[in-house]
Amino acid sequence: MATEDSLDLGEMFTEPPRPPTPEPTISTYNRDQDKISPDSSWDSIKIRLVGSHPLWAHHLWNAALALASHLDEHRELYSGKCVLELGAGGALPSIVAAKNGARKVVITDYPDASLVDNISYNVAENVEAEERSRVEVQGYIWGRSVTPLLDVLPSPGKFQLIILSDLIFNHSQHDALLNTCELVLEPLTPNSHEGTEPCVLVFYSHHRPHLAHRDMEFFTKAEERGWICKETPMFPEDSGEESVRSTVHGWKLTKPLSS
């Protein structure tokens, strides 16, 4: 078990490795032309990925691409609101939120210099200079003190959207992820409106199909803690290659005020 002060990757993440991934490269997210408003100033985002890394941050996984597209289509989830991404990797979903009008975007990953510096590079390359004050990049370990995350918000409060992209394969970290989410997500109130309420978006693929049941334990634990978990229909009208689309699943989690 990792101690409170330990930053050893082998202690923090004890899961077996994923299958081998492609060599690192620059990956491009091309925006769906049908979702671009006439006054839009961008149509693609180039994401630089770190080299081989034990936390698998050297590949832009399908879940991140699907989540970026989902955020591009559903700006009501974060426009003018505060967004947190945990385990961001290349930070594509966060960058989409920042470019589409989020009030504040806090992007985090494990406090390893190569990860954090690479996120900062992607922000600098893709977010306009005048908008970068609304983006904060931090190293953060799930389950630890959330004070550094909340201290950078523009006013006292919490986040209205939390992004978890391809994280639940870390079975040993389910409780830590949920602990952080519970502490920083603004709870539902009687005035919350369905579709725009504070929520956690969890997008993922079953990278190890024989352990899919372990991935799903994340949602069982969340429900036991009082979260409302609803699966998000994926790509209902997308005619793209099914073998790619069907690997991604999306869930939306909300936390009632009374829980």
Side-chain angles (χ1 to χ4, degrees), residues 2 4-7 12 55 67 71 75-89 91-113 115-117 119-120 122-124 127 131-165 167-168 170 173-193 196-203 218 221-222 225-229 251-259:
E4 178 67 19
D5 296 325
S6 173
L7 296 181
M12 290 295 299
L55 297 186
L67 185 44
L71 292 175
R75 293 174 228 175
E76 70 278 3
L77 290 171
Y78 57 87
S79 181
K81 302 177 182 179
C82 296
V83 178
L84 169 67
E85 183 169 9
L86 300 175
L92 172 61
S94 286
I95 290 172
V96 169
K99 292 174 75 66
N100 281 347
R103 183 183 184 193
K104 185 75 173 185
V105 180
V106 180
I107 312 174
T108 72
D109 208 323
Y110 192 83
D112 175 84
L115 295 178
V116 176
D117 291 348
I119 292 172
S120 296
N122 284 330
V123 170
V127 179
E131 299 174 340
R132 287 178 207 153
S133 63
R134 297 188 286 105
V135 181
E136 174 83 12
V137 179
Q138 291 188 18
Y140 176 72
I141 296 177
W142 310 332
R144 299 289 177 88
S145 170
V146 300
T147 299
L149 306 178
L150 298 176
D151 279 351
V152 298
L153 294 184
S155 59
K158 296 188 176 183
F159 294 91
Q160 289 78 48
L161 176 64
I162 300 176
I163 298 168
L164 307 183
S165 178
L167 302 185
I168 64 171
N170 283 307
Q173 298 301 305
H174 285 177
D175 287 317
L177 280 168
L178 288 167
N179 287 343
T180 294
C181 290
E182 287 173 352
L183 291 172
V184 302
L185 183 70
E186 185 177 286
L188 295 179
T189 69
N191 295 323
S192 298
H193 298 288
T196 61
E197 69 272 40
C199 66
V200 181
L201 290 181
V202 185
F203 278 47
F218 177 85
K221 287 184 176 183
R225 290 167 171 252
W227 291 87
I228 300 170
C229 303
W251 287 67
K252 181 178 182 179
L253 277 63
T254 53
K255 193 68 181 292
L257 183 61
S258 60
S259 297

Over all heavy atoms of both residues, which pair between [X] and [Y] is shortest? Give the atoms and the distance, please.
X	Y	value
Leu149	Phe159	O-CZ, 3.6 Å
Thr254	Cys199	CG2-CB, 3.8 Å
Asn100	Leu71	ND2-O, 4.5 Å
Val152	Gln138	CG1-NE2, 3.6 Å
Tyr140	Trp142	CE2-CA, 3.7 Å
Gly143	Thr180	N-OG1, 2.8 Å

Side-chain heavy-atom pair [X], [Y] within 4.5 angstrom cut-off:
X	Y	result
Leu253	Arg225	no
Cys181	Leu164	yes
Pro148	Glu136	no
Trp227	Glu182	yes

Keeping the roles fixed (side chain from [X], backbone from [Y]), state whether a donor-acceptor pair exists under 3.5 Å.
X	Y	result
Lys104	Ser133	yes
Lys99	Val127	no
Asp109	Gly89	yes
Gln160	Lys158	yes

Just do the side-chain contact (heavy atoms from CB on, under 4.5 Å) check on Leu188 and Lys255 with the steps written out, would you?
-> CA-CA 6 Å; Leu188 295 179; Lys255 193 68 181 292; 5.9 Å; no
Rounded distance (nearest 0.5 Å) linking atom [atom1] of [X] with atom [atom2] of [Y]:
X	Y	atom1	atom2	answer
Ile163	Phe203	CD1	CZ	10.0 Å
Glu85	Leu92	CD	CG	8.5 Å
Gln173	Asn179	CD	CG	10.5 Å
Ile107	Leu86	CD1	CG	11.5 Å
Thr196	Leu161	OG1	CG	11.5 Å

Steps toward side-chain contact (heavy atoms from CB on, under 4.5 Å) verdict (Lys252, Leu77): CA-CA 11 Å; Lys252 181 178 182 179; Leu77 290 171; 4.2 Å; yes
Partner of Ser94 under side chain to side chain contact (heavy atoms under 4.5 Å, CB included), picked from Asn122, Val137, Val105, Thr108, is Val105
